[in-house]
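Counting begins at 1 with the first residue of the sequence. When a ligand or atom number is given, it counts from 1 through the structure's own listing order. What you see is a predicted model; the values in this text were computed from it and never measured. Quick note: numbers below take in every heavy atom, side chains included, and nothing from hydrogens, waters or symmetry partners.
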Amino acid sequence: MDSAKSNDMRVYTGIAASPGIVVGRLRVIDRRRLGVEEYDIGQTGVSAEIDRLRSAIASTRDELELLKEHLQASIGEEHLFFIDTHLLILGDTRLFSETAANIETGLINAEGALRRTLHRYREFFAGISDPYLRERISDVETVIEKILRNMAGEAPAPISQEGGQTIIAAHDISPADILQMDRSSIIGMVTEIGGRTSHTSILARAFELPAVVGVDGIADLLLDGSPVVLDGLSGRVVVNPDSDAFLDCLRRKQQYEYVERELLKTASLPAETPDGQRILLKGNVEVPEEGMSIVRHGGEGIGLYRTEMLFMNRPEMPGEEEQYQAYSAMQRAVAPHPLTIRTLDAGGDKLLDGIIRVSEQNPALGMRAIRLALSMPDEFKKQLRAILRVSAAGPVRIMFPMISGLEELRRARALLTEAMTELEAAGIAFDRNISVGIMIEVPSAVVMADLLAREADFFSVGTNDLIQYSLAMDRSNEHLADMFQPLHPAVLRSLRRVVEAAHGGGIDACICGEMAGDPLFLPILLGLGFDELSMSASSIPRVKQVLRRCTRERALEITRACFGFATATEVEQFLKDAATGQIGGEPGLT
Ligand code: PEP
Ligand code: MG
């Protein structure tokens with residue numbers, strides 16, 4: 001695409017990652033560092049440069065305080081450590097005094113002086129032996145960059161503070177970035193890389209932030225400031241829309257929002273088929289405010305609480321008490337419904353840069369999830385104790401991520417027993433019979449499902465990772481989006497095996513991967529016999545609507561037919577035809 005600035009309409013197509021249609025201005029986030037020029041100012045310029053430095057530091061402090069205030073209201077105290085760290089660095093008097101001295105002695109401009117200060121900080125940090133402290137130089141760099149941007153009179157911190165109705169465009173946006181965003185002004189986002197099941201997309205859905213990912217060329221700086229329509233339903237991004245395109249988008253937006261409102265009215269109806277088959281529909285959550293939203297959307301509890309978000313954007317692990325408070329808040333939000341808390345699932349595309357930096361060639365196959373937790377037993381037990389304490393207040397289940405075999409499960413259970421003993425010794429209440437489940441997301445766990453079912457209290461299939469590892473397709477790779485197929489016969493056969501093994505062992509089979517939230521797949525998941533489906537809040541009413549129209553008998557019939565096909569494309573076509581009533585049954589399944 002021609003990159004010259006023009007007002008011509010441009011239509012980009014990517015992957016629909018989070019539903020909703022929004023109209024706003026594109027703000028291209030340029031993550032490149034600012035270039036800094038150093039020049040002589042002579043004796044006469046010294047005091048003006050020191051004033052510039054002082055006022056840029058003050059503006060940066062105001063900016064951070066403001067951001068903190070916004071975020072306190074939207075994401076809660078526990079995610080604000082990164083701002084406190086930056087405020088501490090900014091408040092260090094040496095930062096100012098050393099830079100002012102550089103201006104005075106070198107007779108150079110404030111930017112150049114600041115760069116010299118940064119250089120000295122770098123030397124100092126490089127000499128620190130503790131790797132964690134050594135890496136804190138990145139926080140110093142961030143703060144100095146903010147000061148430089150303020151000196152240059154540029155819009156402050158990317159992503160966090162934008163004008164209203166902003167649609168962010170960037171090459172990549174990490175889950176940590178989303179947690180930091182000022183979501184009162186950012187109404188959508190579009191990235192050049194990513195997939196529907198990457199964690200950035202999952203978080204966008206959690207925050208009901210319409211998003212399109214995998215859009216080649218959208219982070220072109222020349223598009224910055226352009227009017228844009230982002231359609232998170234179809235995956236289209238229209239820059240400089242002409243009036244026809246604009247009206248068309250508005251019409252679709254109204255239609256979508258009307259249907260959503262209508263669906264919400266039926267959200268509290270029972271989740272059962274016309275012939276009386278009940279199935280539990282629950283919600284997936286990442287941050288505290290989502291608990292209430294799940295209930296509002298008709299969810300009967302939380303099937304997956306991704307606790308790792310609590311560990312992001314901070315310099316140290318959250319303590320047991322802080323975790324207890326966070327999990328307790330979530331428990332209260334969904335009570336009396338049950339809460340399933342998944343233990344730390346960091347690594348892969350959910351990096352805890354502030355806390356753990358493992359340098360790996362291949363993070364998706366590396367030190368992640370339960371492997372990481374087992375490698376730091378004391379931290380893991382802190383989390384287990386915090387979860388156990390919450391179980392005294394209401395129904396809570398524990399779930400271990402990415403279990404690949406019995407040894408991992410046994411080691412995790414042994415640490416859980418230790419955590420229980422410690423609480424008992426301290427006289428702290430908890431539910432001794434707490435249900436302990438595992439996520440089935442690795443092919444070896446599918447193969448071993450019958451044995452695992454003897455030692456787990458429930459299974460929950462993480463289809464995002466199970467598809468990734470079964471088909472060897474990176475879930476975050478935009479080039480593989482079409483081949484990342486939930487309906488691949490290998491995936492369907494794995495799901496069948498998991499349900500059979502679970503039921504054979506007398507335990508429940510659940511799904512908490514994104515597959516559970518797609519209404520098209522409901523008949524086959526119902527037909528396979530899953531007991532519980534857990535999904536993002538906004539998917540619950542849609543899936544429930546299909547469930548309330550699909551008899552168990554019809555679901556079994558559809559499932560049997562699906563297993564007769566040899567390719568995902570055939571299965572998908574069949575499900576679409578069944579949904580529109582072209583193959584037997586009533587139309588309107590989706
Ligand atoms: C999954 O892999 O399907 C899952 C639910 O876990 P996550 O998306 O957090 O990896
Ligand atoms: Mg997973």
More than 12 heavy atoms from other groups under 6.0 Å of CG on D450 | yes
Thinking salt bridges, do [X] and [Y] make one under a 4.0 Å N-O criterion?
X: R306; Y: D345; value: no
X: D457; Y: R413; value: yes
X: K282; Y: E300; value: no
X: E308; Y: R342; value: yes
X: R411; Y: E407; value: no

ring-ring contact (aromatic ring centres under 6.0 Å, His included) partners for F563, two or more places apart = none
Residue pairs passing the side chain to side chain donor-acceptor pair (under 3.5 Å) test where at least one lies in residues 324-340, sequence neighbours excluded |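 For residues 324-340, and leaving out neighbouring residues, the side chain to side chain donor-acceptor pair (under 3.5 Å) pairs sorted by first residue read E321-Q325, Q323-Y327, Y327-Q383, T340-R397.
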Distance filter under 4.0 Å, heavy atoms only, around ligand 1 gives H199, I202, L304, R306, R342, D345, K350, M439, E441, G462, T463, N464, D465, R475, C512, G513
Applying the side-chain contact (heavy atoms from CB on, under 4.5 Å) test to L495, which of V446, I524, I440, V461 qualifies?
-> V461
Neighbouring protein N, O or S atoms of the Mg ion (ligand 2) [cut-off: under 2.8 Å, no waters] =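 Atoms qualifying: E441 OE1, D465 OD2.
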